[in-house]
2 protein chains.
Amino acid sequence: MNKRDFKDKVYGALSRVTKALSNPHRLEIIDLLAQGPFSVEEIANNTGMSVANASQHLQTLKQARLVRITRNGNFIHYSLAGENVFHAWAALRELGMEYNTDVEKVVTDFRKGHGEIAAVDASALARMLEKNEVILLDVRPEEEYRRGHIHRAISAPVEKLQEQLKHLSKDKMIVAYCRGPFCVYADEAVALLKKKGFHAMRMNEGYPDWALRGLPIEHTTM
Amino acid sequence: MNKRDFKDKVYGALSRVTKALSNPHRLEIIDLLAQGPFSVEEIANNTGMSVANASQHLQTLKQARLVRITRNGNFIHYSLAGENVFHAWAALRELGMEYNTDVEKVVTDFRKGHGEIAAVDASALARMLEKNEVILLDVRPEEEYRRGHIHRAISAPVEKLQEQLKHLSKDKMIVAYCRGPFCVYADEAVALLKKKGFHAMRMNEGYPDWALRGLPIEHTTM
DNA sequence: AAACAATTCAACAGACTCATTGAATAGTTT
DNA sequence: AAACTATTCAATGAGTCTGTTGAATTGTTT
């Protein structure tokens, strides 16, 4: 094998991976699967795709070895093939946020549209938690909280948040987090909390980012 | 702006970046540009593309803000838009190497074809260098060595290596490194050295990986 | 084994992507 | 300003990617 053949093969094989990542729906699926395993139907519902379309994209991701499946009764659950997949996704996300003005602009515009939502990053939140300065809300669906969540976080899925308001203090800062920087549950939660007179902000990163950094979590061993 | 619009915009913007990465030639260009700035013609020569074709791909990369240009006399030099681009490329490389059997197989097959070339990784090499156990050769073109190289490395471009053999000891281990894990200069150098009776191996990573980890380097400040 | 639910397949049309060619542009040197 | 060089543009045809539809498959429960 000569030099050129070798390079063609290597970069060709790698481009098969990046091709699999080169579609907005598939990126959204990966972002979702960072939370844990989901069935095709759940994925379709969470992303607004048809089931057939979601399945097709999942096949593409599976062929590129970015996701793997586990059977569970009638359902097939898809999850990321490994930690490296989230790593690569996080790196691409950073890349988009830092150099691609579009991405950052869309995100900040959206947050302004919801009333100047303030945000902290993971390390700042970690310090605040240590000093016991904040109440931390996990506003993802309960199932995802159950799979794993930040140490000391309270489950408060955004649809049920309204009912839980009476248990919250208006004197303490409340921080909400969800799936990741593109997840809007935390924005919705903070908007509601502020409207009701609480002090609230969101954490920019999501649970997977927190866990990857080795910050304190609680999770069920499965 | 509603939730769905927001997500479509975010993942759409990000997919424009990943689309730019979803082509073997463009990946090869990024891997090359990790060494520093190159003109279109140099890029074309290094990758076996036509100049027009290379230019077209460079436009794509520029639009995705993955590369930027600097004028220099008659030439336009392209370089990576920032450290994050190399980060993302490294993450994708890892992903390919770990989960995509193809990539790893191609690489190991190629090295076997060249006579079982042994390799060390960056941290092992760093330890060996500290103990002064090895001679380190930078076998990239001299220009790239001049831009920056590993502390204590000797420049020995693979085409000129033959002439430098007489200055090398047959008693000490010789380690060669080049641009990165897919660069074959180090393999060629090690094959030659072993044929001539030297003890030699390659470092898996390249100069940019070494520098990114903050290991000791020497470089001209420009 | 039949009924059922979840998932995948097949096929289509429309939109993109690629390499190649030769011509056009922009900037530099004479 | 003319000649020159490096780079980009525009147009083409072959190939690939997408979403949609409805039918087929696979595995589970009755």
Side-chain angles (χ1 to χ4, degrees), chain A residues 4-5 7-8 11-30 32-33 37-79 143, chain B residues 4 7-9 11-30 32-33 37-79 143:
Chain A
R4 192 66 250 157
D5 284 352
K7 291 202 167 178
D8 287 348
Y11 294 111
L14 277 172
S15 81
R16 257 165 264 138
V17 177
T18 50
K19 271 212 177 70
L21 291 171
S22 73
N23 172 287
H25 290 314
R26 290 198 288 270
L27 290 180
E28 187 170 2
I29 290 176
I30 288 182
L32 177 61
L33 293 186
F38 290 87
S39 70
V40 177
E41 202 182 353
E42 289 170 320
I43 292 167
N45 290 341
N46 266 287
T47 59
M49 284 187 257
S50 73
V51 169
N53 200 3
S55 170
Q56 193 168 278
H57 285 301
L58 285 164
Q59 293 312 305
T60 307
L61 291 170
K62 201 173 77 177
Q63 272 181 22
R65 294 174 196 261
L66 293 170
V67 307
R68 56 185 168 66
I69 63 174
T70 49
R71 282 210 98 94
N72 198 341
N74 235 337
F75 292 87
I76 290 178
H77 287 265
Y78 287 83
S79 41
E143 167 63 17
Chain B
R4 192 65 251 158
K7 291 202 168 181
D8 287 347
K9 277 192 190 163
Y11 293 111
L14 277 173
S15 81
R16 258 166 264 138
V17 177
T18 51
K19 271 211 177 69
L21 291 170
S22 73
N23 172 285
H25 290 313
R26 290 198 288 270
L27 291 179
E28 188 171 0
I29 290 176
I30 288 181
L32 177 61
L33 293 186
F38 290 87
S39 70
V40 177
E41 201 182 355
E42 290 171 319
I43 293 169
N45 290 340
N46 266 286
T47 58
M49 284 188 259
S50 74
V51 169
N53 199 3
S55 171
Q56 191 170 279
H57 285 302
L58 285 164
Q59 293 311 305
T60 307
L61 290 171
K62 200 173 77 178
Q63 273 182 21
R65 295 173 196 261
L66 293 170
V67 306
R68 56 185 168 67
I69 64 174
T70 48
R71 281 209 99 95
N72 197 340
N74 236 336
F75 292 87
I76 291 177
H77 287 264
Y78 286 85
S79 41
E143 166 63 18

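Since this is a predicted model, take the numbers as computed values, not measurements. Below, read A as the first sequence line, B as the second, and so on, with proteins coming before strands; counting in each chain starts at 1.
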Does a side-chain N or O of [X] approach OP1 or OP2 of [N] to a distance below 4.0 Å, or not?
X: B:H57; N: C:dT17; value: no
X: A:S55; N: C:dT7; value: no
X: B:Y78; N: D:dA6; value: no
X: B:N23; N: C:dC18; value: yes
X: B:R71; N: C:dT28; value: no
X: B:N53; N: C:dA19; value: yes

query = What distance do A:I43 atom CD1 and A:L58 atom CG have between them, rounded to the nearest 0.5 Å?
reply =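 The distance works out to 4.5 Å.
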| Of all residues at least two apart in sequence or in a different chain, which pass the side-chain contact (heavy atoms from CB on, under 4.5 Å) check with A:S15? |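 A:S15 satisfies side-chain contact (heavy atoms from CB on, under 4.5 Å) with A:T18, A:K19, B:P24, B:L27 only.
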*Using a cut-off of 4.0 Å on non-hydrogen atoms, how would the nucleic acid contact of B:H77 be classed: base, sugar-phosphate, or nothing?*
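Nothing, no heavy atom under 4.0 Å.
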- Query: Which part of the nucleic acid does A:Q56 contact within heavy-atom distance under 4.0 Å: base, sugar-phosphate only, or nothing?
  - Reply: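 Since a base atom lies under 4.0 Å of A:Q56, the category is base.
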How many Å lie between [atom1] on [X] and [atom2] on [N], as a whole number?
X: B:L21; N: C:dT17; atom1: CG; atom2: C1'; value: 15 Å
X: A:N72; N: D:dG27; atom1: CG; atom2: P; value: 15 Å
X: B:Q63; N: D:dT8; atom1: CD; atom2: P; value: 12 Å
X: A:I69; N: C:dT7; atom1: CD1; atom2: P; value: 10 Å
X: B:M49; N: C:dA19; atom1: CE; atom2: P; value: 8 Å
X: A:E42; N: C:dA6; atom1: CD; atom2: P; value: 11 Å
X: B:F38; N: D:dT7; atom1: CZ; atom2: C1'; value: 18 Å
X: B:D8; N: D:dG19; atom1: CG; atom2: P; value: 11 Å

With B:Y78, which of B:L61, B:V40, B:L32 fulfils side chain to side chain contact (heavy atoms under 4.5 Å, CB included)?
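Single side chain to side chain contact (heavy atoms under 4.5 Å, CB included) partner of B:Y78 among B:L61, B:V40, B:L32: B:V40.
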* Asked: 5'-most contact on DNA chain C: A:N74 or A:K19, nearest heavy atom basis?
  ->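 On the 5' side of the pair lies A:N74.
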Worksheet entry | Donor-acceptor under 3.5 Å (A:R16 side chain, A:Y11 main chain) |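 Absent.
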More than 12 heavy atoms from other groups under 6.0 Å of NZ on B:K7: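 Check passes, neighbour count above 12.
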